[in-house]
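Residue numbers begin at 1 in each chain, while the letters A, B, ... track the order of the sequences.
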Amino acid sequence: MIHISLPDGSKKEIARGASLLDVAAAIGPRLARAAVCALVDGELRDLRERLDKDASVTFYTRGSLQALEVLRHTTTHVMAQAVKRLFPTAILGIGPAIENGFYYDFATEQPLTPEDLSSIEKEMRRIVTEDHPIERLDTALEETREILAAKDERLKLELLDDLEEETAVLYTQGEFVDLCRGPHLKRTGEIKENAFKLLSIAGAYWRGDESRPMLQRIYGTAWESKKDLDGHLENLAQIEARDHRKLIKELDLVSFHEEGGAGLAYWHPKGGRMRVIIEDYWRKLHYEGGYEIVFTPHIGRALLWEASGHLDFYREGMYAPMNVDGQDYYIKPMNCPFHIMIYKSRTRSYRDLPLRWAELGTVYRYERSGTLHGLLRVRGFTQDDAHIFCTPEQIEDEISRVLDFSLNLLSGFGFTEFSVELSVRDPKTPEKYAGEDPMWEQAEVSLVRAIEARGLPYKRMEGEAVFYGPKIDIKIKDALGRAWQLTTIQFDFNLPQRFDMTYIGEDGKEHRPYMVHRALLGAIERFYALLVEHYAGAFPVWLAPVQAVVIPISDRFLEYAQGVVDELRKAGIRVEANFSTGRMNAKIRDAQLQKIPYMLVVGGREQETETVSVRLRTEEDLGARPLAEVIAMILEKTEARSLI
RNA sequence: GCCAGCGUAGCUCAAUCGGCAGAGCAACUGAUUUGUAAUCAGUAGGUUGCCAGUUCGAUUCUGGCCGCUGGCUCCA
């Protein structure tokens, strides 16, 4: 007999070799029916697995996150089975459950097309209806190899060769056999035939390796119920409706041009207005926060990039040089060497430090064509870059400051949920990194203290640091709960050395300053795309490119309407006049579609009483208000940078 | 960069087994003078992404290029 500890603290005695399903049955028949998988000493297991020693066990029932993962994993097997039925020569790759769904990779003779998805789905429904029992077979490696070889599953054989265990696990359902660790559902019929959907088809390198063949990947999603599936599809529709690529076009903010080249954004007047507002706010906060703002060239001689090491390590990310007067000049992919030039323009004393220099620096990087994506991934962009040069004694205080500064700036735009990732070096390969051990240790301590002092949740990422220093990245959550990495704060132990930067210390000797790179919004383009999606184009009044539109109900009131427009404009409000000959209803609709916060309707009543009727884009009707009151209301929201 | 799909009027989308390319919205003109999400009528708008090839004839078929989309990958 062995002893099983349960989460409520109780224990069960059960025969050695009993399956987890037996354990569940011993606890109660209802659990046995509802259980999908179990956590055994910290590992997620299949209910068919047998226990041969004492263990602590937690069962997960339908509805739990873990059960959903199992459901998705089984659904992807059903998909693979369907694919094998329809395309018998398809070779299985891997097929895991992922967030909100699953995928499976196949090597196929013919590429799959989107039209194949519906026939695969149909076959999947058949397999679900056939309700095959799913068997788990722990099999000796050699036998497994024979089984897979007989089915010509060469990719699975490759996985098998890399297996470290002594036995392999095969799962079967009907004619389908797969090498898989599990866990899985007990029958294909447990999948709801109307609660899954295949979504897309894409190429994916075998084992994520570009030098290996490209497989066909099918993505799908699966849920406990049709209602959950519909909810998820609704969510996807939401994301699509907020897609900045659609909104920047509809709202006339930014465009891209085939003639101008991929990944290069054109800011229209309305996008430009918003950008100026964002950047002015950024500048104001930087001056208040003890930064100085600098400007540096867009191109620099090869010498500079040789000194920085960019030409050695980052050349493929840079645009090709242009030759001027026999000298090679490169468009800058980063601002740092230029700021270092300013630093080196004179002798620096410890009394000068810390120096905090910020620049909205436009850089160009050659991103691979396939990675470009609207404003989120471009080839030309403006970083809200800054470099902090300080003494070792100042570093902790500086990190602390920059963290507060970042959180403050981001919350100004309406982002208040943060999480932090701390990337440190891999202790096993210290030789890969620039800088001395004590520097890394001090840097890490100052980063950790700064994070912990603010009670921010953080993840420590071992070995994720870049070679020149540790860093922290701040992620924010948007209105749809998606995480975006914006801020990055990075130590640099490399460049001060490469450029032989020094300052004169109290002791009259030369010392090496510490250098910290930081970008808070990241790239303005990317941040802007995020703002568009976060607000679904309905920007807070202080950011809205057009804050108010004046709508006369007929052109008999044009004169009064023009007076209203003049007053608003004089007060500094971004106002548009819709004086076209159309009906008021159409103008309201236009303004609504443009998501303009205030619609000011003027007709006879308003003219007589020196008022405007205020309609909000939320469809709320505030009725007629004195013009002065409306101006004050809009200005108040603007100045307070109110988020609605 | 790689795999797949796509590219038709400013926008959203039709159409052609290879035979004169079409609608709605927007634009323009005229009429209408309107009270909180689309007034009516008319006009104009296209080398069907670009360049080759096949063909009597290519928007349609083939190849190359450019761009976009979904992924993979990269993010010194």
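Nucleotides B/A15 and B/U34 have their P atoms positioned 44 Å apart, rounded to a whole Å. Comparing the P positions of B/G49 and B/U43 gives a spacing of 27 Å, expressed to the nearest Å. Across the P atoms, B/G46 and B/G10 are found 8 Å apart, a figure rounded to whole Å. The gap from the P atom of B/A9 to that of B/G22 amounts to 14 Å, rounded to the nearest Å. Here the separation of B/C13 from B/U55, taken at their C1' atoms, is 30 Å to the nearest Å. The separation of B/A58 from B/A21, taken at their P atoms, amounts to 13 Å, rounded to a whole angstrom. Comparing B/U60 with B/U8, their C1' atoms are spaced 11 Å from each other, to the whole Å. To the nearest whole angstrom, the two C1' atoms, one in B/C25 and one in B/C61, are 34 Å apart.
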Enumerate, atom names and distances included, each donor-acceptor pair closer than 3.5 Å involving a side-chain atom of residues 331-340 of chain A, sequence neighbours excluded.
from: A/K332; atom 1: NZ; to: A/T296; atom 2: OG1; distance (Å): 2.9
from: A/K332; atom 1: NZ; to: A/P297; atom 2: O; distance (Å): 3.0
from: A/K332; atom 1: NZ; to: A/N335; atom 2: OD1; distance (Å): 3.0
from: A/N335; atom 1: ND2; to: A/Q383; atom 2: OE1; distance (Å): 3.3
from: A/N335; atom 1: ND2; to: A/D385; atom 2: OD2; distance (Å): 2.9
from: A/H339; atom 1: ND1; to: A/H387; atom 2: ND1; distance (Å): 2.8
from: A/H339; atom 1: NE2; to: A/E359; atom 2: OE1; distance (Å): 2.7

List the atom pairs, with distances to 0.1 Å, where a side-chain N or O of residues 581-591 of chain A and a protein N or O form a donor-acceptor pair under 3.5 Å, not counting sequence neighbours.
from: A/K587; atom 1: NZ; to: A/N578; atom 2: O; distance (Å): 3.0
from: A/K587; atom 1: NZ; to: A/S580; atom 2: O; distance (Å): 2.8

Ignoring hydrogens and angles, write down the donor-acceptor pairs under 3.5 Å from the side chains of residues 266-274 of chain A, residues two or more places apart or on other chains.
from: A/H268; atom 1: ND1; to: A/D252; atom 2: OD1; distance (Å): 2.7
from: A/H268; atom 1: NE2; to: A/S255; atom 2: OG; distance (Å): 2.6

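Scored by the salt bridge (Lys or Arg N to Asp or Glu O under 4.0 Å) test, A/E525 finds A/R275 as partners (sequence neighbours excluded). Taking the side chain to side chain contact (heavy atoms under 4.5 Å, CB included) definition, one finds that A/E240 meets it with nothing, sequence neighbours left out. In this structure A/Y103 satisfies the ring pair (Phe, Tyr, Trp, His ring centres under 6.0 Å) test together with A/Y219, sequence neighbours excluded. By the side chain to side chain contact (heavy atoms under 4.5 Å, CB included) test, A/R368 pairs with A/E210, A/T371, sequence neighbours left out. Every residue meeting the side chain to side chain contact (heavy atoms under 4.5 Å, CB included) condition with A/R315, not counting sequence neighbours, appears here in chain and number order: A/L311, A/Y330. In terms of the ring pair (Phe, Tyr, Trp, His ring centres under 6.0 Å) criterion, A/Y205 has no residue partners (sequence neighbours excluded).
For A/E250 and B/G10, the CD to C1' distance is 14 Å, given to the nearest whole Å. Spacing between atom CG of A/L215 and atom C1' of B/A4 amounts to 13 Å, rounded to whole angstrom units. Distance, A/L558 CG to B/U34 P: 13 Å, rounded to whole Å. Nucleotide B/A4 holds its C1' atom 14 Å from the CG atom of A/D105, rounded to whole Å.
Taking the six-membered ring where the residue is Trp, A/Y319 and A/Y364 present perpendicular rings, their angle passing 60° and hence far from 30°. Using cut-offs of 30° and 60° on the angle between ring planes, the pair A/W223 and A/H232 is tilted.
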Under the 3.5 Å Watson-Crick or G-U criterion, the dot-bracket string of RNA chain B, with | for inter-strand pairs: (((((((..((((.....[..)))).(((((.......))))).....(((((..]....))))))))))))....
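Between A/K246 and B/C11, a side-chain N or O to OP1/OP2 separation shorter than 4.0 Å is absent.
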Determine, for nucleotides 35-42 of chain B in 5'-to-3' order, which nucleotides have protein heavy atoms under 4.0 Å from the base (write B), from only the sugar-phosphate (write S), or from neither (write -). BBBBS---
How would nucleotides 66-76 of chain B be written as a contact map, 5' to 3', with B for base contact, S for sugar-phosphate-only contact and - for no contact, using protein heavy atoms under 4.0 Å? BSSSBBBBBBB
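Centroid-to-centroid, the aromatic rings of A/F102 and A/Y104 stay 6.0 Å apart or farther.
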